[in-house]
Structures are given as structure tokens and as C-alpha cells.
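Keep in mind that what you see is a predicted model, and the values were worked out from it rather than measured. Nothing fancy with the numbering, it's 1 onward along the sequence.
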Amino acid sequence: MATETVAKPRTSARVGVQKFGTFLSGMIMPNIGAFIAWGLITALFIKVGWIPVPELGGFGTNAEGAPNVGIVGPMVTYLLPILIGYTGGKMVYDVRGGVVGAIATMGVIAGTSSPMFIGAMIMGPLGGWTIKQLDRLWDGKIRPGFEMLVNNFSAGIWGAILALGGFYGLSWLVKLFTAGAGNVVQFLVNNGLLPLTSIFIEPAKVLFLNNAINHGVLTPLGIQQSLEQGKSILFLLEANPGPGFGILLAYIFFGRGAARASAPGAAIIHFFGGIHEIYFPYVLMKPILILAAIGGGMTGIATLAITNSGLVAPAAPGSILAVIFQTSRDSYVGVILAVVLATTVSFLIASLILRTSKNKGEDDLSAATSRMEAMKGKKSSVSSALVGDREGRSDVAVLTRPVQNIVFACDAGMGSSAMGASVLRNKIKAAGFPDVKVTNSAIANLSDTYDVVITHQDLTERAQPKTSSAVHYSVDNFMNSPKYDEIVELVKTSNTEGPAAAHPTGAAETEAAAAAAHGAHAAVPAAAVGGKEVLLPESVVLNGTAHDRDAAIDEAGQLLLDRGAVDVSYVHAMHEREESVSTYMGSFLAIPHGTNDAKEHIRHSAVSIVRYPEGIDWGGKQVKFVVGVAGLNNEHLHILSSIAKIFTNKAQVAQLEEATTVEEVLELFGKVNA
């Protein structure tokens, strides 16, 4: 993306916490199936399970009088930590890092009798990172034919060293930390303070730290507690679907407009599908509703503590079905009551807030953007909330190939992304393109192999660097984002009309900022439309008279008006667009244009060009070329592709700066009319 902001937004700390938390949860999430398998075996076969089997549950003795080992203990002692260690190493340095991370993890496992989940989350990434640094030392220096020998022995030797270090050093430190953390939890439980954790957990969830909290922190501690006590309350501190369900129910009864209309579907997906992210925008539309989530969360935790209830393993995703499936045999009443009471309290608080508020949530869900930024201390510009300081970045692509591979990415890769991918997949199939692949992925697992990447607008900054050559879309509503229709149109265009211009990350409904294709490839030039050339000599001004951004927009817009291409409302919409998303593109270029709703004010496609030799300030960036754009249907995609090609060529930009006649400019921009 190439939008710029006046000041660098205050997102770095939050994003840093998100990244760290996501990295921790990223080691757990791919292995959730193994945790569920362990939880199932535990619930069924341990001594207090549904079907006690000594040989499987690991209790009693065999015919020879030896204690039964079972598979519950070895799974939690060896299998799960090694999987975590391998995954952590692989995240850092692919399979080679995973192997060394697993070796290193074995050291901390053998160093103590306690399950080493936290130790694995340290040694796995450490093993991957350190072997990566070692490989760099002799990269390109190994004699041909000796590569395999060096690679295998270096991984083996270094893995052994790390395993010894884990055995003699880290294992006891992690054991002390785990014991300390367990004591803190027990202290909170014994003193009735555990419900207070909702004060931190519920707001953090809405800031997309839900998976980081649940699987990065609570799951490792919960596994330890479950192993000792047969269940753990920690598995439900974050995963309880009650608080979010109560808020959505309140919107169903007391909300208005789009929020009320979409709440029933969101409630079903949240409660039964376990996708908690779906209720976040409803809270962000009215941040005071976080009190409802906190109240519901505290009630649920208090109920669990009073009834001494818990789960045997993580509930992932946080569906009521997963919760029930992982509930301890003696905890069904307490767990169900915790969900019901959490829902009730959350619903009552949210209902009171909505009923006594002048704004009952009738805004379109997209209006939550500004409230999100206000709550998080960010700039009001959508682009600033998404990308921070993007100067020098090459984040908007111009596609020169049909769209065939789309990914919907979220924090964990199994929540909102799965739902969004399903919705979009159906839309694309209905449009007649069943061969276009739509998948979902965790942001941590993204690679630069996709044509289109879709994320929640609060997560785009983390996805962008991993997929810089893809077209990025940011959405604020997982249910029915208008961006899905735009993506379908992009699929149609790219698969039927050849190369299509990219839609900019975080640029709401507009396609126009696709002209900022830093490093873009050649694009198909636009044809003259309806016998009218989109760029005429009278629409080119070599020496603009404006001295600031708003005046420059008026000047470029007036040229479009003089052409009869637009009416005055379109010029107003150009200013409206600029207030929400900067159209500064880099290379001294800005391309002001109207909002999506302003298309009805376009009579025919046209482009205007105003040059400011001395430059003008455009939100803190210097602009020398202001290109006003008005495009009907998909015609502007070709227009913008041609402009993008010109402004990604430094030599052509220099020629534009030095041009002394309108004819020279027209010659360079000839492809716009070709």
C-alpha cells in the first residue's frame, strides 16, 4: 500500500505485542489437533474418566506388577512439547530450524519431570534462530560435494549442544517459572481474584490478542494444571463464548440498522462456529460495550471457580460444541452454567447500554473504524491505522496475471479467516469462477505466493511484509464486507479482460490507489472510451497555481469539470476520499479521486494532470504531480495501470519533471489514450 499519513500513528507498541503474542500462539495453533487428541484420551481413559482403562490411562499395574505407563503421560510429556518445539523452530528457519528446535526441546524435557511447554516455546525458536545464524557464517564457503556433510553435522552438533544446555540450565529455570505462575493462579483462585483477569483479557481480545492470550499463555499453564488435577479452569478464561454471545443477542433485540440485521448470523457463527473475532466490530462500534464483555467474563470465571469446574484440554475454536467436548466429567453443570450466566450478564449490560444510548448501533459496521482508532489511540485516517510509516515501501501491486489464488488471513488461521474464505469462495463460485482457489491461513504462515490477500484492517500491517507482491484488501466486517464484491469484480476483470490493476491495502472501497504500483509490471493500456480520449491537452497544466493539498484537488477536479467528465459533486467526493485515505502514491505523485458512492457523478472516464515544479505539501509528503482520475466501470483500472507504469520508471518521472510543453507530457502519457 502506498497511502501516507500526516504523523506516524501510535501503533508500533500494540503491533509489537501482537506479533510476539501471535508468535507464541503460532507454536500452539498448528498442533491443536494433538492437544484435542490428548484431551479426548484423557477424558475417556484416565482413572476418573468415562471409560477407565489402566493400560491407556496410565494408572494401576500390569500383570507383572509394573506400573502402567499408558499414553496420556507420554503424550503430554514428550509428544506435545516436541511438536511445539519443532513448530517454533520451523517458524524461524523452516524444516531445518524445526529439527534443531525439536532436538533442543528434548533437553529441557529430560531435565525435569514437569511438562515442558514453556521450555519448548523457548528452545524451539532458539534452536531455529541459532542454526540460521550459524549457517550464515559458512554460506557460500563450503566446497562443492561437502554441503550435505556440513549441514547434517552442524545441525546435529549444535542441536546436541542446545539439548545439553536445556538439560542443565534452562529446564530448572522453566520449572521454577511454571511453578511460580501456577502459584499465582492458585493464589488468585484461593482468594477469589481470578475473575478480575477479565478486566485485562476481554479488552485484549478485541485488540486481536485473543489467540496470543489463550494459546500463548493460558494453554501451557492449563495443561500443567490439567495434568495434576484432571482439569483446568484456565482453558475457559478466554474461550468462554458467553460474553460475546450476550453482546450479539443485545444487538439482535436492541440494535438498529446493519448491526441488528447482521447480528443473528454473527451470533450463530460465534457461538457454534467458535469464531470470536466476529463480535469484535460490534464492540468497536460502541467501545463502552467492553464493560458487557468484562462483566460476562468475570461472571463466567466466578461460576467456574465456585463450582470447581474446568476443561481437560483447550477448546479450540471457542465453540460451545468444543467447550462441551472438552469438559471434565465432573464439570458439565458448572461449565454450562458458566456459559449461560456469562451470556446473561453480558446481554443485560449490553442491552442497558444500547437502550440508554442515543446511538443504538445503527451505524454501518464500517463506521467502527474511527471508533477503533479512537480507542487504540491512532490517527483517524484508515491508512494510518493500517500501515504506520510506509515511506519507501513497495506494497501495492499491479497484477499482470489472472487472479487464481486468494488467501484470507487472520491471527490464528482458523477463525475469522475460515469464515471469510467460505463466504468469499461461495461468491466467486456464484460468479462463474469455481477454479479460483480461496483458502485461509494464519498470518504467521503466509508466503509471497498469493494473488490476493485479505485481512482484518487491524492485522494488515503484519500480513503486508510477508506478501508484498499480492493485492491486499482490508476488511472490518467478516460477515458481509463490501470488499468481497470488489474482489469478485477483480477476479472477473483479471480472468476475462487480461491484467487488472490492484486494489490498495486499506483504501476502503476505492480501486484508484492501485496506481501506486511501486515495482509494477507492464499493464495493458486503456482504450479511448466512447470515442473520447481520457487525456486531452486542455487537461494538462504544467505550472499549477495551488499551494496546498485541498487547492490542488480543486484544481485537478476543475479540469475534469471543464471536460464535462464529472459534475461538481464528484469534486466534493474527491475531498471526502482524501479525508479518509491519503491518495499520495510516492514518486511525487498523488491521484485524488472520488469515493465509490460518487461513481454516479461520473459522465465519462477522464484524467487530468497538474504539475507543481516546486512541489506542494501533501500530508507531510512532497507532491509534484497531481493526477485527477474519474473512471466508469472497469475503465479506470486500465487508466491507472498505465499511470502506474509511468511513475514506477524513474527516467520517465524525470522526463515529466523536465518537460517544457504539454506535448511532451502527452507523449509520455500516450498509453493512457492508446
Novice: If you look at every heavy atom in Gln622 and Glu614, which pair is closest and at what distance?
Specialist: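 That would be NE2-O, 3.4 Å.
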Novice: Going by heavy atoms in the side chains, are Ser539 and Val607 under 4.5 Å from each other?
Specialist: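 Ser539 does not reach Val607 side chain to side chain.
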Novice: With a 4.5 Å limit on heavy-atom distance, are the side chains of Leu656 and Gln652 in contact?
Specialist: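 Side-chain contact under 4.5 Å: no.
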Novice: Nearest heavy-atom pair of Glu657 and Arg611: which atoms, and what distance?
Specialist: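 Shortest heavy-atom separation between Glu657 and Arg611 comes out as O-NH1, 3.2 Å.
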Novice: Can you find a pair of side-chain heavy atoms, one from Glu600 and one from Tyr570, that are under 4.5 Å apart?
Specialist: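 Contact flag for Glu600/Tyr570 side chains = no.
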Novice: Quick one: does Glu555's side chain get under 4.5 Å of Thr545's, heavy atoms only?
Specialist: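 They are in side-chain contact.
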Novice: Minimum heavy-atom separation for Ala409 and Leu446, please, with both atom names.
Specialist: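 Minimum heavy-atom separation between Ala409 and Leu446: CB-CD1, 3.8 Å.
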Novice: Testing Ile247, Ile288, Leu248 for side-chain contact (heavy atoms from CB on, under 4.5 Å) with Val283, which one passes?
Specialist: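 Single side-chain contact (heavy atoms from CB on, under 4.5 Å) partner of Val283 among Ile247, Ile288, Leu248: Ile247.
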Novice: Can you tell if the side chain of Trp618 reaches within under 4.5 Å of the side chain of Ile553, non-hydrogen atoms only?
Specialist: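 Yes. Closest side-chain heavy atoms under 4.5 Å.
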Novice: Could you tell me the separation between the CD1 atom of Ile454 and the OH atom of Tyr484, rounded to the nearest 0.5 Å?
Specialist: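 Ile454 atom CD1 to Tyr484 atom OH measures 6.5 Å (nearest 0.5 Å).
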Novice: Is there a side-chain contact (heavy atoms from CB on, under 4.5 Å) between Leu560 and Val571? Walk through the geometry before answering.
Specialist: CA-CA 9 Å; Leu560 297 177; Val571 180; 6.0 Å; no
Novice: Walk me through whether Val403 and Val471 qualify under side-chain contact (heavy atoms from CB on, under 4.5 Å).
Specialist: CA-CA 10 Å; Val403 174; Val471 177; over 6 Å; no
Novice: At what distance, to the nearest 0.5 angstrom, does CG of Leu535 lie from OG of Ser605?
Specialist: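 With rounding to 0.5 Å, CG (Leu535) is 12.5 Å from OG (Ser605).
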Novice: Can you check whether Tyr473 reaches Leu424 side chain to side chain, under 4.5 Å on heavy atoms?
Specialist: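 When only atoms from C-beta onward are counted, Leu424 and Tyr473 do not touch, as no gap falls below 4.5 Å.
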Novice: Testing Val662, Leu559, Thr661 one by one against Val540 for a side-chain contact (heavy atoms from CB on, under 4.5 Å), which residue passes?
Specialist: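 Answer after filtering Val662, Leu559, Thr661: Val662.
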Novice: For residues Ala565 and Ala606, report the shortest heavy-atom separation together with the two atoms involved.
Specialist: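 Taking Ala565 first and Ala606 second, the nearest heavy atoms are CB-CB, 3.4 Å.
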Novice: Run the side-chain contact (heavy atoms from CB on, under 4.5 Å) check on Glu664 and Glu658 step by step: do they pass?
Specialist: CA-CA 9 Å; Glu664 292 180 64; Glu658 297 170 359; over 6 Å; no
Novice: Judged by modelled atom types alone, do Gln558 and Asp554 share a side-chain donor-acceptor pair under 3.5 Å?
Specialist: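 No pair is found: no donor N or O on one side chain lies under 3.5 Å from an acceptor on the other.
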Novice: Mind checking the CG-CE spacing from Asp550 to Met574? Nearest 0.5 Å is all I need.
Specialist: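 Between Asp550 CG and Met574 CE, I get 11.0 Å after rounding to 0.5 Å.
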Novice: To the nearest 0.5 angstrom, please state how far the NZ atom of Lys483 sits from the CD atom of Glu486.
Specialist: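 If we round to the nearest 0.5 Å, Lys483:NZ and Glu486:CD are 6.0 Å apart.
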Novice: Taking C-beta and beyond as the side chain, do Tyr251 and Lys286 meet within less than 4.5 Å on heavy atoms?
Specialist: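 Yes - at least one pair of side-chain heavy atoms lies under 4.5 Å apart.
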Novice: Would Leu354 and Phe253 satisfy side-chain contact (heavy atoms from CB on, under 4.5 Å), going step by step from the backbone distance to the final call?
Specialist: CA-CA 10 Å; Leu354 290 176; Phe253 287 99; over 6 Å; no
Novice: Where do Pro537 and Leu666 come nearest, in terms of heavy atoms and distance?
Specialist: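 Nearest pair, atom of Pro537 first, then Leu666: CG-CD1, 3.5 Å.
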Novice: So does Asn405 get a backbone contact from the side chain of Asp451, meaning a donor-acceptor N/O pair under 3.5 Å?
Specialist: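 Yes, the answer is positive, given that a donor and an acceptor are paired below the 3.5 Å cut-off.
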Novice: To the nearest 0.5 Å, what is the distance between CZ on Arg425 and NZ on Lys437?
Specialist: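 These two atoms lie 10.0 Å from each other.
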Novice: So do the side chains of Val566 and His601 get within less than 4.5 Å of each other, counting heavy atoms only?
Specialist: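 Sidechains of His601 and Val566: no contact.
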Novice: How long is the straight-line distance from CZ of Arg603 back to CZ of Arg563, given to the nearest 0.5 Å?
Specialist: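 The CZ atom of Arg563 sits 12.5 Å away from the CZ atom of Arg603.
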Novice: If you compare all heavy atoms of Pro613 against all heavy atoms of Asn543, which two are closest, and at what distance to 0.1 Å?
Specialist: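 Closest heavy-atom pair between Pro613 and Asn543: CG-OD1, 3.3 Å.
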